[in-house]
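Along the sequence shown, the residues carry numbers beginning at 1.
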Amino acid sequence: MPENTRTKRRYLSVGIAAAALVAIVGGGIAIRHDAEAEQETIAQNNALPTVSVIRAQPAQGGSVSLPGELSALNEAEINARTSGFVSRWLVDIGQSVKAGQLLAILDAPELEQQLSQARADYQTAAANRDLAKTTADRWRILRGKDAVSTQEADEKQGQYLAAKATADAARANVGRLQTLRGFTRINAPFAGVITSRNAQLGALVNAGNANKPLFTIADVSQMRVYVRIPQNIIGQLEPGTIAEVKVPNDPTHGFSATLVRTARAVDRESGTMLAEFKVMHPGQKLVPGSFGTVELALQKTQGTVELPATSLIVNSKGTRVALVDAHGRVQLKSVQVGRDNGRSVTILSGLQPNDRVIATPPDALETGDQVRVAKINVAGAGHAG
């Protein structure tokens with residue numbers, strides 16, 4: 001075989017091998033590039049936060065339980081109107097009494113002495129009055145006969161009027177002391193139950209309320225329940241609204257209460273309005289001064305939705321929720337929170353039913369962020385979509 005033919009064949013074989021090598025290397029580079037791109041895509045997807053999405057559900061009419069303070073329909077402290085010693089007490093705590101019933105008797109010897117002196121002073125003043133009147137009548141007759149001057153007759157008439165005023169004052173003082181003596185008998189101002197007794201035999205009591213009250217009486221035929229109503233549900237209450245009251249000492253039995261009045265003003269510190277409910281109390285199982293739970297039925301509010309409390313983002317920018325669109329893009333939206341139900345809250349405005357809301361949004365989440373949606377159920381709040 002000629003030399004140049006052999007040489008040409010050798011060069012051709014080398015060229016084919018080189019081309020094959022280039023193809024193999026190029027294919028490997030392309031495969032490696034595709035693998036790196038796929039790994040980068042996987043890494044980017046793994047870097048996205050995974051969130052659970054719920055659909056906002058229309059809020060249902062429910063109820064709210066609020067603490068309430070029970071008070072008697074009427075309650076009064078019975079103090080002594082006159083000073084003296086307790087000679088008898090006739091009722092004790094827990095006893096029912098009628099209006100005007102005698103509760104205790106005081107012994108007031110100093111008052112008796114003052115009354116005796118006042119009566120004597122009145123008798124003296126009455127005698128001086130009668131004498132002055134007789135004298136004034138005589139001088140008036142003499143003046144008619146021109147036996148005395150007009151000045152002298154007028155002086156006698158003036159002396160009579162002064163004596164009469166002194167007698168009237170003395171008689172009023174006797175009446176005052178007689179009234180005070182009547183206060184030595186302590187009577188019930190209204191029908192009720194004796195809730196405290198501080199009267200002790202022989203104890204000295206002073207007029208007024210400087211000491212502890214001798215008795216405390218409460219009318220428990222009806223009970224008042226005072227409740228502080230949150231501002232967001234004030235609009236659902238009006239006089240005549242029915243509530244149920246439960247107390248710890250009788251948790252199985254509910255007492256029907258009727259709203260009778262509200263303060264019609266919101267307290268600046270608590271953001272609540274004081275309301276008074278009235279409970280008919282024939283069984284007398286409720287205790288004044290105790291606390292109970294007042295359960296109010298609330299109506300469904302049009303246009304409101306309900307969300308888990310964990311879906312709220314509360315910070316310096318206000319209260320917001322995180323919405324997710326069909327492409328996994330996040331939008332933070334401000335909302336107005338209504339009733340707090342504990343595990344869930346009512347949203348008054350800012351959302352529509354079936355809005356896709358992140359159930360537990362990360363703290364660093366911002367509008368425009370991309371997230372990956374996990375289609376898992378969230379108890380009581382719908383499911384992912």
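Atom CG of residue Leu312 and atom CD1 of residue Ile347 lie 5.0 Å apart, to the nearest 0.5 angstrom. Taking OG1 of Thr179 as the reference point, atom CZ of Arg81 lies at 9.5 Å (rounded to 0.5 Å). Distance CD/Gln157 to OG1/Thr150: 13.0 Å, rounded to 0.5 Å. Going from atom NE2 of His253 over to atom CG of Leu286 covers 9.0 Å, rounded to the nearest 0.5 Å. Remark: Thr216 OG1 to Asn198 CG distance equals 7.0 Å, nearest 0.5 Å. In this structure, OG1 in Thr166 is found 8.5 Å from CG in Asp168, a value given to the nearest 0.5 Å.
Counting heavy atoms from C-beta outward, Glu366 and Leu332 have side chains that approach closer than 4.5 Å. Side-chain contact check for Val227 versus Pro67: every heavy-atom pair is 4.5 Å or farther apart. Contact of the Ile313 side chain with the Val321 side chain is not registered, since no non-hydrogen atoms from C-beta on lie closer than 4.5 Å. Residues Thr258 and Thr241 fail the side-chain proximity criterion, which asks for heavy atoms closer than 4.5 Å. Using a 4.5 Å cut-off on side-chain heavy atoms (C-beta onward), Ile229 and Leu296 make contact. At a threshold of 4.5 Å between non-hydrogen side-chain atoms, the residues Pro230 and Leu66 count as touching. Residues Leu115 and Val174 are in side-chain contact: their nearest non-hydrogen atoms beyond the backbone lie under 4.5 Å apart. Within the 4.5 Å cutoff, the side chain of Val193 has no heavy atoms near those of the Gln95 side chain.
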**Q.** From CA spacing to verdict: side-chain hydrogen bond (donor to acceptor under 3.5 Å, both in side chains), Ser334, Arg320
**A.** CA-CA 4 Å; Ser334 297; Arg320 299 180 295 173; 5.3 Å; no
Q.
Set out, in order, the CA-CA distance, both residues' side-chain angles and the distance that settles side-chain contact (heavy atoms from CB on, under 4.5 Å) for Val53 and Val357, then state yes or no.
A. CA-CA 5 Å; Val53 174; Val357 182; 5.9 Å; no
Q: Show your reasoning for whether side-chain contact (heavy atoms from CB on, under 4.5 Å) applies to Ile242 and Ser256.
A: CA-CA 7 Å; Ile242 304 298; Ser256 178; 3.7 Å; yes
Q: Go through Asn315 and Asp363 one step at a time and tell me if the side-chain contact (heavy atoms from CB on, under 4.5 Å) criterion holds.
A: CA-CA 10 Å; Asn315 52 31; Asp363 294 337; over 6 Å; no
Q: Please test Leu237 against Ile234 for side-chain contact (heavy atoms from CB on, under 4.5 Å), starting from the C-alpha separation and ending with a verdict.
A: CA-CA 6 Å; Leu237 301 181; Ile234 289 176; 6.0 Å; no
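Listed by chain and residue number, nothing satisfies the side-chain hydrogen bond (donor to acceptor under 3.5 Å, both in side chains) test with Ser71 (two or more places apart in sequence, or in another chain). Under the side-chain hydrogen bond (donor to acceptor under 3.5 Å, both in side chains) criterion, Ser221 pairs with Asp219, not counting sequence neighbours. Partners of Glu155 by side-chain hydrogen bond (donor to acceptor under 3.5 Å, both in side chains), not counting sequence neighbours, listed by chain and number: Gln151. Checked against side-chain hydrogen bond (donor to acceptor under 3.5 Å, both in side chains), Lys133 has the following partners two or more places apart in sequence or in another chain: Asp137.
Judged by distance alone, the side chain of Thr135 and the main-chain N or O of Leu131 form a donor-acceptor pair under 3.5 Å. Side-chain N or O atoms of Asn128 include none that pairs as donor or acceptor with a backbone N or O of Ala125 at under 3.5 Å. Between the side chain of Arg372 and the main chain of Thr50, no donor-acceptor pair closer than 3.5 Å is present.
Applying the salt bridge (charged side-chain N to carboxylate O under 4.0 Å, His left out) test to pairs two or more places apart or on separate chains, those with a residue in residues 110-132 are Glu112-Arg181. Applying the salt bridge (charged side-chain N to carboxylate O under 4.0 Å, His left out) definition to pairs two or more places apart or across chains, those involving residues 143-154 are Arg143-Asp146. Applying the salt bridge (charged side-chain N to carboxylate O under 4.0 Å, His left out) test to every pair with at least one member in residues 246-257, sequence neighbours left out, gives no pairs at all. Applying the salt bridge (charged side-chain N to carboxylate O under 4.0 Å, His left out) rule to pairs touching residues 89-105 yields Asp92-Arg197, sequence neighbours excluded.
When every heavy atom of Thr184 is checked against every heavy atom of Ala108, the shortest pair comes out as CG2-CB, 4.0 Å. Heavy atoms only, all atoms of each residue included: Ala118 and Asn173 are closest at CB-ND2, 3.6 Å. Of all the heavy atoms in Ala72 and Val220, the pair that sits closest is CB-CG1, 4.3 Å. Heavy-atom minimum distance, Pro361 versus Thr310: CD-O, 3.6 Å. Ala132 and Gln159 make their closest contact through CB-O, 4.0 Å (heavy atoms, listed as atom of the first residue, atom of the second, distance). Summarising the geometry of Pro189 relative to Ala99, their closest heavy-atom pair is O-CB, 4.4 Å, with the distance given to 0.1 Å.
Cluster partners of Ile186, by chain and number: Ile78, Val86, Trp89, Val91, Val97, Leu103, Leu106, Phe190, Ile194, Leu201, Val205, Leu214, Phe215, Ile217. The rule joins Ile, Leu, Val, Met, Phe, Trp and Tyr whenever side-chain heavy atoms lie under 4.5 Å apart. Other cluster members for Leu142: Trp139, Val148, joined by side-chain heavy-atom distances under 4.5 Å among Ile, Leu, Val, Met, Phe, Trp and Tyr.
Criterion: ILVMFWY side-chain heavy atoms under 4.5 Å apart, direct or through other members. Under it, Val287 and Val245 are not part of a common hydrophobic cluster. Residues Leu180 and Tyr122 are members of one and the same hydrophobic cluster, defined by side-chain heavy-atom contacts under 4.5 angstrom among Ile, Leu, Val, Met, Phe, Trp and Tyr.
Side-chain N/O atoms of Ser344 and Glu306 include a donor and acceptor closer than 3.5 Å.
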For a quick test of your reading: what N or O donor-acceptor pairs under 3.5 Å do the side chains of residues 265-280 make, sequence neighbours left out?
residue: Asp267; atom: OD2; partner: Glu269; partner atom: N; Å: 3.2
residue: Asp267; atom: OD2; partner: Ser270; partner atom: N; Å: 2.9
residue: Asp267; atom: OD2; partner: Ser270; partner atom: OG; Å: 3.0
residue: Ser270; atom: OG; partner: Thr272; partner atom: N; Å: 3.4
residue: Ser270; atom: OG; partner: Thr272; partner atom: OG1; Å: 2.7
residue: Glu276; atom: OE1; partner: Arg261; partner atom: NH1; Å: 3.0
residue: Glu276; atom: OE2; partner: Arg224; partner atom: NH1; Å: 2.6
residue: Glu276; atom: OE2; partner: Arg261; partner atom: NH1; Å: 3.0

Return a table of donor-acceptor pairs under 3.5 angstrom between the side chains of residues 323-330 and protein atoms on other chains or two or more places apart.
residue: Asp325; atom: OD1; partner: His327; partner atom: N; Å: 3.0
residue: Asp325; atom: OD1; partner: Gly328; partner atom: N; Å: 3.0
residue: Asp325; atom: OD1; partner: Arg329; partner atom: N; Å: 2.7
residue: Arg329; atom: NE; partner: Gln370; partner atom: OE1; Å: 3.2
residue: Arg329; atom: NH1; partner: Gly368; partner atom: O; Å: 3.0
residue: Arg329; atom: NH1; partner: Gln370; partner atom: OE1; Å: 3.1
residue: Arg329; atom: NH2; partner: Gln370; partner atom: OE1; Å: 3.1

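Crowding of Ile93 atom CD1: a count of heavy atoms from other residues, nucleotides or ligands under 6.0 Å not exceeding 12.
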